[in-house]
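Data block below; observations after.
Convention: sequence-line order gives letters A, B, ...; per-chain numbering from 1.
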There are 2 protein chains.
Amino acid sequence: MCQHRRMSTAKVLPLIESGGQGVAPCCPPLTERTLTAEEAMTASRMFRALGDPVRLRLFSAVASHEGGEACVCDISDVGVSQPTVSHHLKKLKEAGLLTSERRGTWVYYRVEPSVLTAMGQLLTLPAAA
Amino acid sequence: MCQHRRMSTAKVLPLIESGGQGVAPCCPPLTERTLTAEEAMTASRMFRALGDPVRLRLFSAVASHEGGEACVCDISDVGVSQPTVSHHLKKLKEAGLLTSERRGTWVYYRVEPSVLTAMGQLLTLPAAA
DNA sequence: CGCCAGTTTCGACATATGTCTATGTTGACG
DNA sequence: CGTCAACATAGACATATGTCGAAACTGGCG
């Protein structure tokens, strides 16, 4: 019950770095070798951020929203109170998965595309022989 | 300080279903639409399982080990006590990320390849136009 | 049978986490 | 300037989680 759709200035962002490889390295694929303690620390933060049902829904809501971004009011229907939504969005931001920007009354969140691809590469399977 | 390498019966497993698509569906990519509460519940369990540094190291140790499996004694050097290692392996098993099998004295863990690909697909980016 | 190495389970504990209500903060609009 | 809507922060609280040491379990071996 919100749905402010005033934002006609939404530039359609690419969501993918045009090289497909210019992303944050972080760690090798999980199937390559045992991660170091430090690598595991970094990578586990991202996984943990998506390890809560509410946060995962919020993340997918932002990621799938038109233009690659969404204001809080458009994704708040996840069954918890508004402060809790805010809290989870902050967590996602701290994990580097989302960025936020205030435009007038509303705050827009958008996914950090490089992190998404980085996580995907973590789960890369070794090429089948 | 273990390294029992008695297991000459290790069959070199493929690690990938030969269709590349015969995997558990679970949920659509996070960028496709907002997950339902139920989908988010399921998917977040897997992310949460990898959301601990120790577990992530253990998982990568198993996933990268020769033959796609490893006995506990070969991956226990992660800086925590052995019961804690066992506890984390149990968590990974409960999350469906690992399976275990006892062979004589040792217990071998191996990755569930279908889950890995399923998680990878969750992080799939929309095809760049 | 008895011991021993590998692994799991148990119980306890400190800390982290998710949730809420109440209250701040910020910007738009009369 | 006052009020309202959108979000964020603060504080409190119950529960989940990671860790350990101690003890149980399991199977090989002498």
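- Between the side chain of A:R57 and the backbone N or O of B:L35, at least one donor-acceptor pair lies under 3.5 Å.
- Among C:dT8, C:dC20, D:dG18, the nucleotide with an atom closest to any side-chain atom of A:V80 is C:dC20.
- Residue-level contact check: A:S81 touches the bases, meaning some heavy atom is under 4.0 Å from a base atom.
- Remark: the backbone N or O of A:P83 is not paired with any side-chain donor or acceptor of A:S86 at under 3.5 angstrom.
- Rounded to whole angstrom, the span from the CG atom of B:L98 across to the C1' atom of C:dT7 amounts to 15 Å.
- The separation between A:D52 atom CG and C:dA16 atom C1' is 13 Å, rounded to whole Å.
- Listed candidates were C:dT8, C:dT19, D:dT26. Nearest to the side chain of B:R102 is D:dT26.
- In this structure, A:R103 atom CZ and D:dA6 atom P are separated by 16 Å, rounded to whole Å.
- Judged by closest nucleotide on DNA chain C, A:R48 is the one of A:R48 and A:G104 placed further toward the 5' end.
- The nearest whole Å value for the distance from the NZ atom in B:K91 to the C1' atom in D:dA16 is 8 Å.
- Per the geometry, CG belonging to A:L92 stands 13 Å off P belonging to C:dT17, to the nearest Å.
- Between the CG atom of B:D77 and the P atom of C:dT7 there is a distance of 12 Å, rounded to whole Å.
- Within the 4.0 Å cut-off from OP1 or OP2 of D:dA8, not a single side-chain nitrogen or oxygen of A:K90 is found.
- Considering only side-chain atoms of A:P83, the nucleotide from C:dT9, D:dA8, D:dT19 that sits closest is D:dA8.
- Salt bridge present: B:E39 and B:R33 bring a charged side-chain N and a carboxylate O closer than 4.0 Å.
- Residue B:W106 has its side chain nearest to C:dG6 when only C:dG6, D:dC20, D:dC7 are considered.
- At the phosphate of D:dA8, OP1 or OP2 sits under 4.0 Å from a side-chain N or O atom of A:S86.
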Stepwise, does the side chain to side chain contact (heavy atoms under 4.5 Å, CB included) test hold for A:Y108 with A:S100? CA-CA 5 Å; A:Y108 293 88; A:S100 69; over 6 Å; no

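- In this structure, A:R48 contributes its side chain and B:G51 its backbone to a donor-acceptor pair below 3.5 Å.
- With hydrogens and angles disregarded, a donor-acceptor distance shorter than 3.5 Å links the side chain of A:R102 to the backbone of A:G104.
- The side chain of A:T84 contributes an N or O atom lying less than 4.0 Å from OP1 or OP2 of C:dC20.
- Phosphate proximity of C:dT8 to B:Y109: present, with a side-chain N or O under 4.0 Å from OP1 or OP2.
- Residue-level contact check: B:V54 touches the backbone only, with heavy atoms under 4.0 Å from sugar-phosphate atoms and none from bases.
- The separation between B:E101 atom CD and C:dT8 atom P is 13 Å, rounded to whole Å.
- Taking the side chain of A:Q82 as heavy atoms from C-beta on, and the options C:dT7, D:dA8, D:dT17, the nearest nucleotide is D:dA8.
- Comparing A:T105 and A:G51, the nucleotide of DNA chain C nearest to each residue sits closer to the 5' end for A:G51.
- When the P atom of D:dA8 is taken as reference, atom CG of A:L89 falls 7 Å away, rounded to whole Å.
- The side chain of A:V72 lies closest to D:dA8 when the candidates are C:dT7, D:dA8, C:dT9.
- The side chain of A:R55 contributes an N or O atom lying less than 4.0 Å from OP1 or OP2 of C:dG18.
- Between B:H87 and the phosphate of D:dT17, there is no side-chain N or O to OP1/OP2 separation shorter than 4.0 Å.
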